[in-house]
Amino acid sequence: MTEIWSEDIKNALTDRIMRIAPGVRIYKEASSAPEYPHFFIHQISVSDTEERRRYHRLSYSFDVRYRAASDSSTVLNLQRELDSMALRLFSGLCIIECGDGKIRCEDKNCEKTDGVLHFFVTVKVMAIEDSENRNGKLGKLTVRVGLNGR
């Protein structure tokens with residue numbers, strides 16, 4: 001068992017996107033003077049579904065934003081460029097490597113708004129409650145990494 005935090009999953013997404021689109025800047029936090037083109041990886045939410053006693057499925061939802069230029073009106077064929085990047089992300093973000101295992105990316109979809117591609121992806125991992133912390137105290141979840149959290 002290994003401990004994995006949301007930042008670890010964000011880093012795994014970053015590593016995979018760097019292979020999909022080498023040379024494109026990636027931001028994990030807001031920047032006042034970003035370089036273009038760039039990606040911005042934003043964690044939207046995390047949810048927990050208790051599957052059975054002590055086992056939880058954690059679902060991390062991300063918005064991977066791709067922006068080609070600071071002024072989208074100056075880019076010829078912008079829609080085509082955003083569509084092309086969306087297809088690259090669909091085909092390249094199938095499995096990410098995180099910790100000692102691989103995790104499948106699920107529920108992928110995208111939309112284009114005001115010259116920005118929003119690529120939504122969910123990463124699900126299985127977590128097990130630490131049995132030492134179950135007696136009325138806040139339980140600690142230890143993540144098991146593998147395809148679909150198995």
For the backbone of [Y] and the side chain of [X], can you confirm whether one donor and one acceptor N or O come within less than 3.5 Å of each other?
X      : Y      : value
Thr14  : Lys10  : yes
Lys108 : Leu93  : yes
Arg57  : Lys124 : no

Measuring from [X]:[atom1] to [Y]:[atom2], what's the distance to the nearest 0.5 Å?
X      : Y      : atom1 : atom2 : answer
Cys105 : Arg16  : SG    : CZ    : 9.0 Å
Thr49  : Met126 : OG1   : CE    : 10.0 Å
Cys94  : Ile96  : SG    : CD1   : 11.5 Å

| message | Are more than 12 heavy atoms, taken from residues, nucleotides or ligands other than Arg19, located less than 6.0 Å from that residue's CZ atom? | response |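 Yes, enclosed.
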| request: Give a yes or no on whether Glu29 atom CD has more than 12 heavy-atom contacts from other residues, nucleotides or ligands under 6.0 Å away. | output: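 At most 12 heavy atoms, drawn from other residues, nucleotides or ligands, come within 6.0 Å of this atom.
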Between [X] and [Y], what is the shortest heavy-atom contact and its length?
X      : Y      : result
Leu78  : Ser72  : CD2-CB, 3.4 Å
Cys98  : Asp8   : SG-O, 3.8 Å
Ala33  : Tyr27  : O-OH, 4.4 Å
Phe90  : Cys110 : CE1-SG, 3.8 Å
Phe119 : Ala86  : CE1-O, 4.0 Å
Arg88  : Ile20  : NH2-O, 2.7 Å

| query | Are Val116 and Phe40 close enough, and set up right, to give a side chain to side chain contact (heavy atoms under 4.5 Å, CB included), and what steps lead you there? | reply | CA-CA 11 Å; Val116 177; Phe40 176 71; over 6 Å; no
| Would Asp83 and Lys112 satisfy side chain to side chain contact (heavy atoms under 4.5 Å, CB included), going step by step from the backbone distance to the final call? | CA-CA 9 Å; Asp83 288 342; Lys112 298 178 285 187; 2.7 Å; yes
| query | In terms of the angle between their ring planes, are His38 and Tyr36 parallel, tilted or perpendicular, with boundaries placed at 30° and 60°? | reply |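 Tilted: the ring planes of His38 and Tyr36 meet at 30° to 60°.
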| query | Do the rings of Phe39 and Tyr66 sit parallel, tilted or perpendicular, given the 30° and 60° boundaries? | reply |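 Answer is tilted, since the angle falls between 30° and 60°.
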| request: Side-chain contact test, heavy atoms from C-beta onward, threshold under 4.5 Å: evaluate it for Leu117 versus Leu89 and give yes or no. | output: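 A side-chain contact under 4.5 Å exists here.
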| query | Do Val46 and Ile41 sit in the same hydrophobic cluster, where Ile, Leu, Val, Met, Phe, Trp and Tyr count as joined when their side-chain heavy atoms come under 4.5 Å apart? | reply |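 Val46 and Ile41: one cluster.
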| query | Cluster question for you: counting only ILVMFWY and a side-chain heavy-atom cut-off of under 4.5 Å, with indirect links fine, are Met85 and Met18 together? | reply |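 Yes, Met85 connects to Met18 through the hydrophobic network.
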| query | Which of these, Ile9, Val123, Val125, sits in a side chain to side chain contact (heavy atoms under 4.5 Å, CB included) with Leu58? | reply |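 Checked Ile9, Val123, Val125 against Leu58; only one passes side chain to side chain contact (heavy atoms under 4.5 Å, CB included): Val125.
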| message | Assess the residue pair His42 and Asp63 against the criterion (side chain to side chain donor-acceptor pair (under 3.5 Å)); give the C-alpha distance rounded to whole Å, side-chain angles, the decisive distance to 0.1 Å, and a yes or no. | response | CA-CA 5 Å; His42 173 70; Asp63 176 5; over 6 Å; no
| task | Apply side chain to side chain contact (heavy atoms under 4.5 Å, CB included) to the pair Lys28 and Asn11, showing each step before the final yes or no. | result | CA-CA 9 Å; Lys28 294 186 286 181; Asn11 288 338; 2.2 Å; yes
| task | Show your reasoning for whether side chain to side chain contact (heavy atoms under 4.5 Å, CB included) applies to Asp15 and Glu97. | result | CA-CA 9 Å; Asp15 291 344; Glu97 296 176 14; over 6 Å; no
